[in-house]
Amino acid sequence: MSQTPTPPQDPSNEQGETVSDSVVEQLIARSNTLGADPRNTNFAGGNTSAAGTRTDPVTGQPVDLLWVKGSGGDLGTLTEDGLAVLRLDRLRALVDVYPGEEREDEMVAAFDHCLFGKGGAAPSIDTAMHGLVRAAHVDHLHPDSGIALATAADGERLTRECFGDRVVWVPWRRPGFQLGLDIARIAEENPNAIGAILGGHGITAWAETSEQCQANSLEIIRTAERFLEERGRPEPFGPALDGYGALPEAERRERAAALAPVIRGLASTDHPQVGHFTDSDVVLDFLAAAEHPRLAALGTSCPDHFLRTKVRPMVLDLPADAPLERAVERLRELHEEYRAEYRAYYERHALPDSPAMRGADPAIVLVPGVGMFSFGKDAKTARVAGEFYVNAINVMRGAEAVSTYRPIEESEKFRIEYWALEEAKLARMPKPKPLATRVALVTGAASGIGKAIAARLAAEGACVVVADLDAEKAAEAAAELGNADVAVGVACDVSDGEAVARAFREAALAFGGVDLVVNNAGLSISKPLLETTERDWDLQHDVMAKGSFLVSREGARVMTAQGMGGDIVYIASKNAVFAGPNNVAYSAVKADQAHQVRLLAAELGSEGIRVNGVNPDGVVRGSGIFAGGWGAQRAKVYGVKEEELGAFYAKRTILGREVLPEHVANAVFALTAGELSHTTGLHIPVDSGVAAAFLR
């Protein structure tokens, strides 16, 4: 057993005042700087720490503390709230009660007994290496260059050649207390060392000041980068494979959009998933080379990688120009093989107390000439999974350039993937929102009712495609909902079939497909019969009757390809059943939409697609239609001032309440959130009660 490392130097200044606040400030700055550059570490990967002194409020005496990034945090965005705070004396005393590697998982619970005050964030499994290494500042990172050496077949020799005695090799060991002891011992035995390469894992650096620790981390990373570049052979992935090169961009993305819903459906066999598409040069070059099947089959190595990407991806074994139908057929065959192989992997290594298998579907699907499809419980998780596989490709390139890529053993991967501590971490995750994993496309969503619907769906966990005739307004409305992991804006003229298909292709590239379509785009022209022109009639029918048909048809096509069911909701109107004056074109087209609901509900039910409608009335405030002249026209018909129209509509209802866009959004949510899972062909009135529009 390793000797307990010596405590850090006293961080008090000459006047005896503690400088803990400065220590924390420097730690946050260092963490953010390192985490901001993807060459240094991946998203949410690695951790940093700093030791310092504070006054114990109970004894009034100084106490040595460790601030360390807590479980699940990201270095690039780390704040003080993301730090765990532990007493160093108690943490280091755990060495004397450590029960050995077979029971080291118990040490994570023991960290809770070392917390200072409320302790801040939950300590991570890597806390031991930070507390047991004798330096006051420690960084543990996952740079591609460092992991490339860590996963090379002769990584120990290459580490000596690259760094001499400044960086030492630590053989693979699963993260935990014993790894902390190993690193602490090696650091003591190598006083000239500034850090270590952790076999199959990453790097660790240390120093007595925060500035020097950061410099040491960067020295290790940049030195490894230069070593790989200078020593590496020019084609680490082998020669190009005939027919596997990247398709032209337009063709590539069109094929990706066609494949995305199919692949998403396969990846969602056990649990619904959101998708993300990447066609970066890193991915395309890897898939174009002869060694990609061998390397992909070996799987990823760094624990942070395969926890998000699974142990290996699913790879389409066809050239880029294979017929689309054949590619789809082969993907289905490969998916069955992947599931069988994953189940066999689980059964090979599972113990009686192992967590249940979480799902046998791939998280990463690679398609030569096209790109990578990654999947997760939300868009961010899916995107990050893809980013991690790009890291894995970079690692494989580096290892193959100077040696042979040799990841850790499959049994070790299983021990981490199905670690009881990882299972407990998953169990602590907040309950998903009602529309989590669902992708919604809302037409006419840049303003009014559509914007309110998009906002409500996003708030309930859906990824939202804001589709609108005005591309700039669509992008602005999407940005109000959040970043591209939450919503994207697309241009869509719903009366143009190709424009509609293009919007769904963009949705497939952004999120993998579509599960929920809201036909909201519309306009209205209020005129008596004899003043209604053919253009008035055609315009309204093109946008709402034809437009709803085109959007529903494309939505049904995507949902059928996914095989995951779905929802189509029509925002119709009370006028679909109520005969009002001077409104023939608008009311007729709303009746058309209302019957489309019934027709499509009857037709699409066998695919698990539910079709329902909402019949609003009198939505004046916030309505794009009313603001565009409809309000003035209807006010004239009813003989009231335009600004009083909302109140006028409210007074004529049973409830006497004005209807707002948010109330229509509430109805859409009610229809799609799962509580009405056995309801289709229904129209919900949102009109505060108009007896003449009661459905019979």
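Just so we're clear, the structure is a prediction, and the values are computed from it rather than from any experiment.
With values rounded to the nearest 0.5 angstrom, Leu516 atom CG is found 5.0 Å from Arg438 atom CZ. Within the model, atoms CD of Glu341 and CE of Met314 stand 11.0 Å from one another, a figure rounded to the nearest 0.5 Å. With rounding to the nearest 0.5 angstrom, the CG atom of Leu284 is 9.5 Å from the CE atom of Met372. Distance CG/Asp538 to OG1/Thr533: 8.0 Å, rounded to 0.5 Å. For the atom pair CZ of Phe43 and CD of Glu387, the computed distance is 8.0 Å after rounding to the nearest 0.5 Å. Distance check: Ser688 OG to Lys651 NZ gives 14.0 Å after rounding to the nearest 0.5 Å.
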Intermediate values then yes/no, side-chain contact (heavy atoms from CB on, under 4.5 Å), Arg264 and Met564: CA-CA 9 Å; Arg264 182 182 177 221; Met564 301 165 62; 4.1 Å; yes
Test salt bridge (Lys or Arg N to Asp or Glu O under 4.0 Å) applied to Glu325 and Arg330, step by step: CA-CA 9 Å; Glu325 296 76 10; Arg330 184 60 180 145; over 6 Å; no
side-chain contact (heavy atoms from CB on, under 4.5 Å) between Cys492 and Val500, worked out: CA-CA 6 Å; Cys492 184; Val500 170; 4.1 Å; yes
Stepwise side-chain contact (heavy atoms from CB on, under 4.5 Å) test for Asp687 and Asn615: CA-CA 7 Å; Asp687 57 12; Asn615 288 352; 6.0 Å; no
Worked check of side-chain contact (heavy atoms from CB on, under 4.5 Å) between Val274 and Thr381: CA-CA 8 Å; Val274 176; Thr381 304; over 6 Å; no
Stepwise salt bridge (Lys or Arg N to Asp or Glu O under 4.0 Å) test for Glu336 and Arg339: CA-CA 5 Å; Glu336 288 301 315; Arg339 288 176 60 82; 5.2 Å; no
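Using a cut-off of 4.0 Å between Lys/Arg side-chain N and Asp/Glu carboxylate O, Asp496 and Arg502 are scored as not salt-bridged. Ion pairing between Arg255 and Glu251 fails under the 4.0 Å rule for side-chain N and carboxylate O. One finds a salt bridge joining Arg252 and Asp279 here, because a Lys/Arg side-chain nitrogen approaches an Asp/Glu carboxylate oxygen to under 4.0 Å.
Counted within 6.0 Å of CD on Glu603, heavy atoms from surrounding residues, nucleotides or ligands total 12 or fewer; the atom is thus considered open. Annotation: Glu329, atom CD; neighbour count of heavy atoms from other residues, nucleotides and ligands within 6.0 Å is above 12. Applying the 6.0 Å contact sphere to CD of Glu498 captures more than 12 heavy atoms from other residues, nucleotides or ligands. Atom CD of Glu662 is surrounded by more than 12 heavy atoms from other residues, nucleotides or ligands within 6.0 Å. For Arg343, the CZ atom counts as loosely surrounded, since its 6.0 Å shell holds 12 or fewer non-hydrogen atoms of other residues, nucleotides or ligands. A 6.0 Å sphere centred on CZ of Arg326 holds more than 12 heavy atoms belonging to other residues, nucleotides or ligands.
The closest side-chain heavy-atom distance from Asp617 to Val619 is not below 4.5 Å. Looking only at side-chain heavy atoms (C-beta outward), Pro313 and Val315 come within less than 4.5 Å of each other. With a 4.5 Å cut-off on side-chain heavy atoms, Val597 and Thr680 do not count as touching. Looking at heavy atoms from C-beta onward, Leu259 lies in side-chain contact with Val328 at the 4.5 angstrom threshold. The closest side-chain heavy-atom distance from Asn582 to Lys527 is not below 4.5 Å. Annotation: side chain of Val365 is not in contact with side chain of Leu316 (no heavy-atom distance under 4.5 Å). Looking at heavy atoms from C-beta onward, Val464 lies out of side-chain contact with Val488 at the 4.5 angstrom threshold. In this structure, the side chains of Val577 and His683 stay at 4.5 Å or more apart for every pair of heavy atoms.
Residues Ser526 and Asn583 approach most closely at CA-OD1, 4.5 Å, considering heavy atoms. When every heavy atom of Phe375 is checked against every heavy atom of Ala385, the shortest pair comes out as O-CB, 4.1 Å. Of all non-hydrogen atoms in Thr653 and Arg657, the two that sit nearest each other are OG1-N, 3.6 Å. Residues Ile568 and Met559 come closest through the heavy atom pair CG1-CE, 4.1 Å. In terms of heavy-atom proximity, Val640 sits nearest to Phe648 at CG1-CD1, 3.8 Å. In this structure, Tyr586 and Ser524 approach most closely via the heavy-atom pair CD1-OG, 3.1 Å.
Under the 6.0 Å distance and 45° angle rule, Arg358 counts as a cation-pi partner of Tyr418.
The main-chain N or O of Val514 is found under 3.5 Å from a side-chain atom of Gln562 such that the two form a donor-acceptor pair. A distance-only check finds a donor-acceptor pair linking the side chain of Lys590 to the backbone of Ile571 [under 3.5 Å]. Side-chain N or O atoms of Asp493 include none that pairs as donor or acceptor with a backbone N or O of Ala499 at under 3.5 Å. With hydrogens and angles ignored, the 3.5 Å screen pairs a side-chain donor or acceptor of His663 with a backbone N or O of Leu660.
Under the side-chain contact (heavy atoms from CB on, under 4.5 Å) test applied with Thr672, the options Asn612, Val518, Asp567 reduce to a single match, Asp567.
Asp536 and Gln540 share no donor-acceptor pair across their side chains, judged by distance under 3.5 Å alone. Defined by atom type and a distance below 3.5 Å, a donor-acceptor pair is present between the side-chain atoms of Gln596 and Tyr570. In summary, the side chains of Asp361 and His335 do present a donor paired with an acceptor at a separation below 3.5 Å, with no hydrogens or angles considered. Side chains of Asn519 and Thr443: no donor on one and acceptor on the other come within 3.5 Å. Thr278 and Tyr389 share no donor-acceptor pair across their side chains, judged by distance under 3.5 Å alone.
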Residues 542-550, side-chain donor-acceptor partners within the protein, below 3.5 Å, at least two apart:
| unit_1 | atom_1 | unit_2 | atom_2 | d |
| --- | --- | --- | --- | --- |
| Lys546 | NZ | Ser495 | O | 3.2 |
| Ser548 | OG | Met544 | O | 2.6 |
| Ser548 | OG | Gln593 | NE2 | 2.7 |

Ignoring hydrogens and angles, write down the donor-acceptor pairs under 3.5 Å from the side chains of residues 474-483, residues two or more places apart or on other chains.
| unit_1 | atom_1 | unit_2 | atom_2 | d |
| --- | --- | --- | --- | --- |
| Glu480 | OE1 | Lys451 | NZ | 3.1 |
| Glu480 | OE2 | Lys451 | NZ | 3.3 |
| Asn483 | OD1 | Asp485 | N | 2.9 |

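Using a 30° and 60° split on the angle between ring planes, Phe277 and Phe373 fall in the tilted class, from 30° to 60°.
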